[in-house]
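For reference, the structure is listed below as C-alpha cells.
Just so you know, ligand 1 is whichever comes first in the structure, and atom 1 is the first atom listed for that ligand. Just so you know, these numbers come straight off a predicted model, no measurement behind them. The analysis underlying the following values was restricted to heavy atoms, covering all of them including side chains, and did not include hydrogens, waters or symmetry mates.
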Amino acid sequence: MPLLTRRNLLKASAVAGAYGVGISVAGKFGLAEAAPEPQVLKALKTQATLTDAGATRNIMTWANPGGGAGMPPVLRMTKGKPYAARLTNTLDEPTTIHWHGLRIPNKMDGVPFMTQPYVYTGDSFDYAFTPPDAGTFWYHPHCNTLAQMGQGMTGVIVVEDPADPTFDSEVVLNLRDWRLGGDGQFIASFRPRDAAKTGTYGTVRTANWHQEPQYDAPAGGLIRLRIAVTDVTRIFSLKMEGAEATVIAIDGNPVPKRFPLDLLLIGPGQRLDLAVRMPDAEGAVATLEDIRGTTPKTIAKLRSVGTSLKRDVGDLAALAENPVAKADLSLAQKISVVLSATAENAPVDSICGTLGYSFWAINKVPWPGDTNDPTAPLAELKLGKSYVLQLENVTPHTHPIHLHGMSFTVLSSSTRDVMPLVTDTYLVQPDEKVQLAFVADNLGDWLLHCHIIEHQKTGMTSYVRVV
Ligand code: C2O
Ligand code: CU
C-alpha cells in the first residue's frame, strides 16, 4: 500500500514563505547537476516584529534577493546533488557561513582564519559543495557569533533524500530566543556571571521568529516536524501534548530505533525530526512544549484541518542511513578531551570572537576565539584512521559539544544508556564521560567546541587536524 500522498504545503505564512523559496531553488538546481546557480544569501541588517512592543531594530539576517528580509530562508538541498550559495555581505562587519553538520570540504566550512578569509563588508564568497547526508541541519556565521547569531543569523537547512518516505505535510521549526528589553530592543548580549555558568538566556522565545505560532496540518495525517535548536544558550526538554510524536532522527541522522518523544533534551546546535500523528478531530490542537525549568512553555502548535487521513505511524517506512564510515574500534586511538572550568577569568585578546573573558577550557587550554594561532591542535589525526573521543565533563553544567566536518557514533556513557546515534553534536551532562567514535575521513582543521556560544567564546573551543 503506498503509504502517503505527496507532500502538501502548509498554509501558515511563515512556513509557506520558507517553502516558496526552497521549492524554486530546488526546481532550478534539480536540472543542473554540475554547477548550480548559486543561491544568493545577502547578509544584512534590518528590523523585524518579534514582540508587541513594535519592530526590533538591528536584526541581522540573510535575505534571498526579492525574498524580503525576515527569518533566514530554510535552505533546501538534495543529498548527493551539488549546491552553491553566494554570501554577499552588506553588514557593517565581517562574516562567514558555517554549514553545521554538513560533512563537506574544509575550505567550505566557514571558519574565519582557519578555513577561509573573512568576508568583509561589500565582499562576496562563493560556497559550493555536495551534501553527502540527508536530514535536518542548519547554518550560521562563525565569528562575532554572539552578536550575529544572537541578532538573527541562524537558519535551517533541509537536505532531502528523494527516497525518503513521504509525509502528509512538513513543518520546519527554527527555535531561538532573543535578548530584548521591554521596548523590544536588544539588551546586552550576555552577563559575565552567567557566561561562567549556563550561559545568558534570552528574554523572548520564538519558533520561526514568532511567539507560539500555530500551523495547520491535515487531521489524522503524519507530519514531519523538523526542529532545529539554533539558540545561543537554551537547552530544551521537548514534549508533545495532544498528539503522538515519534522520534525518527536526531542531528540529521535516523535513530537506530524509533521511540516516542518524552522529555528529550536537545541543546544548542542540535536537531530533532519527529513524525507527528495529528489528532483525528478537525480543530484539535497538538502543542510542542519545553518542560525544562518550572513551568511548561508552549513552543508551537499544530492544528488538525479537514477529515482524518487515518494514518498509522507504524506504516511509515524507515529513513535511509547516511553514508557515515564506521570506526574500526579494534584499531581506534583514544583521544582524551576534558571539559573544565578555568580560574583564569582575566580579559584576553583575540583576533576573532572572544568575549574578553576566559571561564572554560578543553584539556586545560582556554581557547580564546576562532583563530588557530597560537594554540596547537588538540590532536593530529591520520586520514582514514579511526578514533574515539573520550569526552569527560568535570563541570556542573551541560555542554553541547560539536565537531565540524565529521560525524561520530555514540558508543557509551558513564551515566546513562545510549543508543549508537550518529551525530555531530553531543550534549554532555555534568560528570558524564562519553565515548564518541569516528573515522578521520575529512582533511583539514576542524573545530571542536561547545555550542553554548558564551562557553565557546570564553575558552571551550579546540580543534583537531586531519592530515
Ligand atoms: Cu554550529 Cu562551530 O558550529
Ligand atoms: Cu558549554
Taking only residues two or more places apart in sequence, or in another chain, which ones meet S386 in a side-chain hydrogen bond (donor to acceptor under 3.5 Å, both in side chains)? none
Going by heavy atoms in the side chains, are R234 and V229 under 4.5 Å from each other? no
Measure from the Cu ion (ligand 2) to each N, O or S atom of H399 and report whether any distance is below 2.8 Å. yes
side-chain hydrogen bond (donor to acceptor under 3.5 Å, both in side chains) partner of R176, chosen from D231, T154, T230: T154
Mind listing the protein N/O/S atoms less than 2.8 Å away from atom 2 (Cu) of ligand 1? Waters don't count. H142 NE2, H404 NE2, H449 NE2
Trace of the ring pair (Phe, Tyr, Trp, His ring centres under 6.0 Å) decision for H98 with H404: CA-CA 9 Å; H98 169 61; H404 285 211; 3.8 Å; yes
Let me know which of L272, V410, D273 forms a side-chain contact (heavy atoms from CB on, under 4.5 Å) with I250. L272
Is the distance between the Cu ion (ligand 2) and the nearest N/O/S atom of H455 smaller than 2.8 Å? yes
Are more than 12 heavy atoms from other residues, nucleotides or ligands located less than 6.0 Å from atom CZ of R86? no
If only atom types and distance count, is the side chain of T115 paired as donor or acceptor with the main-chain N or O of V111 below 3.5 Å? yes
